[in-house]
2 protein chains.
Amino acid sequence: MVRKTKEEAEVTRRHIIDAARQVFRDCGVRSSTLEKVAAAAGVTRGAVYWHFRNKTELFFAMREEATLPFVDRVVFDLNAADPLAGIEVALREIFVILEDHADVREIFEILSFKCEYVDEFKPMMGCSDGQMEFLQKLTEAYRQAGELGALRPGLSASDLAHDTFLFIGGLIKHWLAASPNQRFRSDALSLIHNHIMLRRI
Amino acid sequence: MVRKTKEEAEVTRRHIIDAARQVFRDCGVRSSTLEKVAAAAGVTRGAVYWHFRNKTELFFAMREEATLPFVDRVVFDLNAADPLAGIEVALREIFVILEDHADVREIFEILSFKCEYVDEFKPMMGCSDGQMEFLQKLTEAYRQAGELGALRPGLSASDLAHDTFLFIGGLIKHWLAASPNQRFRSDALSLIHNHIMLRRI
DNA sequence: GTTTATACATTCAAGAATGTATGTAAAGTA
DNA sequence: TACTTTACATACATTCTTGAATGTATAAAC
């Protein structure tokens with residue numbers, strides 16, 4: 001066969017990852033075979049085994065790409081005139097990203113519904129570092145809002161952040177499960193708005 | 001072999017379901033083999049195939065048992081003096097049940113983390129009838145609370161119910177993922193309390 | 001320009017896992 | 001009591017799936 005250049009090999013690698021995402025979503029991670037992935041990528045299993053040691057390594061390579069857009073785009077503007085609006089914007093941004101990036105959305109769908117968290121995947125059941133960081137930033141944002149007197153009194157920043165964290169987790173799950181223009185999918189932004197409204201003075 | 005009576009056969013059937021629950025939780029549904037289930041139940045695959053047509057049917061038989069305790073025990077007292085307290089009690093009850101009934105907890109764990117929602121399992125991704133019913137009862141309870149003037153103004157009963165529904169969904173997930181005496185597991189009741197407090201006048 | 005490492009494709013061996021078919025002994029039943 | 005059905009166990013054939021081994025043509029390195 002025609003041996004590829006480094007650049008072409010990198011393209012092949014990405015094709016395999018993209019194919020894996022599609023196959024994982026259609027078949028579930030465990031039920032996906034490297035044969036199916038290879039076929040979807042237009043290569044043979046040999047190519048897959050060349051780029052990845054096994055399915056697990058391929059899975060984690062695929063997962064890598066899901067977290068990237070969020071760290072840049074889901075940010076809390078601590079200096080905003082209306083800090084709660086800043087939080088609302090950040091929360092909305094999550095779903096804008098999911099709407100925009102089909103690949104990220106598919107990875108989230110796989111992680112939520114197409115993966116059995118056993119053996120080497122078991123540690124991923126709990127909160128990821130990224131999630132904990134999100135919770136922490138959320139807490140800080142609420143603290144700031146509280147200092148600016150924007151919060152209705154009674155609850156601590158940590159309490160509010162945890163409540164929002166769980167709300168968002170639930171919303172992401174139902175948003176992913178719903179088809180487009182179905183209940184939770186189309187109502188996400190107003191649900192977020194209501195959620196924040198509860199916190200206003 | 002010694003042929004069993006009808007009653008003994010029913011016991012065998014339950015053993016198989018219990019074994020399936022254990023194996024599903026340890027291995028994931030797709031990775032579980034009927035051989036493992038049979039071994040865990042102390043029978044052969046022949047017995048499993050006698051009682052269930054295949055793994056899917058066994059899975060649904062197992063799942064049947066998860067919903068039962070909730071319909072009886074998670075109830076909203078619409079006539080309570082403090083209707084929000086009534087809602088809080090109902091929400092707490094969910095986690096009391098999960099704490100009490102290891103089998104129910106394990107089934108939830110399987111449904112949340114050990115199952116790939118593809119093919120015949122795909123329809124289960126969305127909200128179950130039970131969940132929709134819960135959301136509906138929750139809405140009704142908030143409406144009642146609103147009519148009694150117990151709610152802080154600004155949001156409709158439906159808005160509040162959806163917010164609570166997503167919160168509870170997120171909490172269940174994190175509660176299940178956490179080991180006992182870990183963050184979300186031990187804080188569940190106070191998280192619920194805070195959540196309800198946000199709604200008070 | 002020769003050598004070597006790369007980027008795959010192809011082939012092979014071995015082990016699951018499944019569904020079915022068959023065997024069997026006792027429980028029901030007429 | 002003779003027959004039938006039940007409740008399994010056992011055996012078998014078939015179908016994936018995997019990992020590794022091997023082949024190979026070419027890009028890259030020297």
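Per chain, numbering begins at 1; letters A, B, ... match sequence-line order. Please read all numbers here as calculations on a predicted model, not as lab measurements.
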Closest to side chain of Tyr49(B), choosing from dA9(C), dT20(C), dC8(D): dT20(C)
Parallel, tilted or perpendicular: rings of Phe134(A) and Phe76(A) (30°, 60°): tilted
Residue His15(B) excluded, over 12 heavy atoms near NE2 under 6.0 Å: no
Aromatic ring pairing Phe184(B)/Phe165(A), orientation class (parallel under 30°, perpendicular over 60°, tilted between): parallel
Pairing of Arg21(A) and Asp26(A) as salt bridge, 4.0 angstrom limit: no
Length of the CZ-P vector between Arg13(A) and dC8(C), whole Å: 12 Å
Ala9(B) vs Arg45(B), nearer the 5' end of DNA chain D by closest nucleotide: Ala9(B)
Mutual orientation of the aromatic rings belonging to Tyr117(A) and Phe113(B) [parallel < 30°, tilted 30-60°, perpendicular > 60°]: perpendicular
Nucleotide dT6(C), atom P - distance to CD of Glu10(A) in whole Å: 15 Å
Between dC8(D) (P) and Arg53(B) (CZ): distance, integer Å: 19 Å
Non-hydrogen side-chain atoms of Ile110(B) and Met62(B) separated by less than 4.5 Å: yes
Side chain of Thr44(B) - closest among dT18(D), dT10(D), dA7(D): dT10(D)
Using a cutoff of under 3.5 Å, can you pull out all pairs of nitrogen or oxygen atoms linking the protein to nucleotides 28-30 of chain C, with atom names and distances?
none

Interface with DNA chain C, restricted to residues 26-43 of chain A and to heavy atoms under 4.0 Å: Val43(A)
Between Gln136(B) and Thr139(B): side-chain donor-acceptor atoms closer than 3.5 Å: no
Trp50(B) CH2 - dA9(D) C1' separation (whole Å): 13 Å
For atom CG of Asn54(A) and atom C1' of dT18(D), their distance in whole Å: 10 Å
Candidate pair Met132(A) and Lys137(A), rule side-chain contact (heavy atoms from CB on, under 4.5 Å), full reasoning: CA-CA 9 Å; Met132(A) 293 314 292; Lys137(A) 285 182 178 172; over 6 Å; no
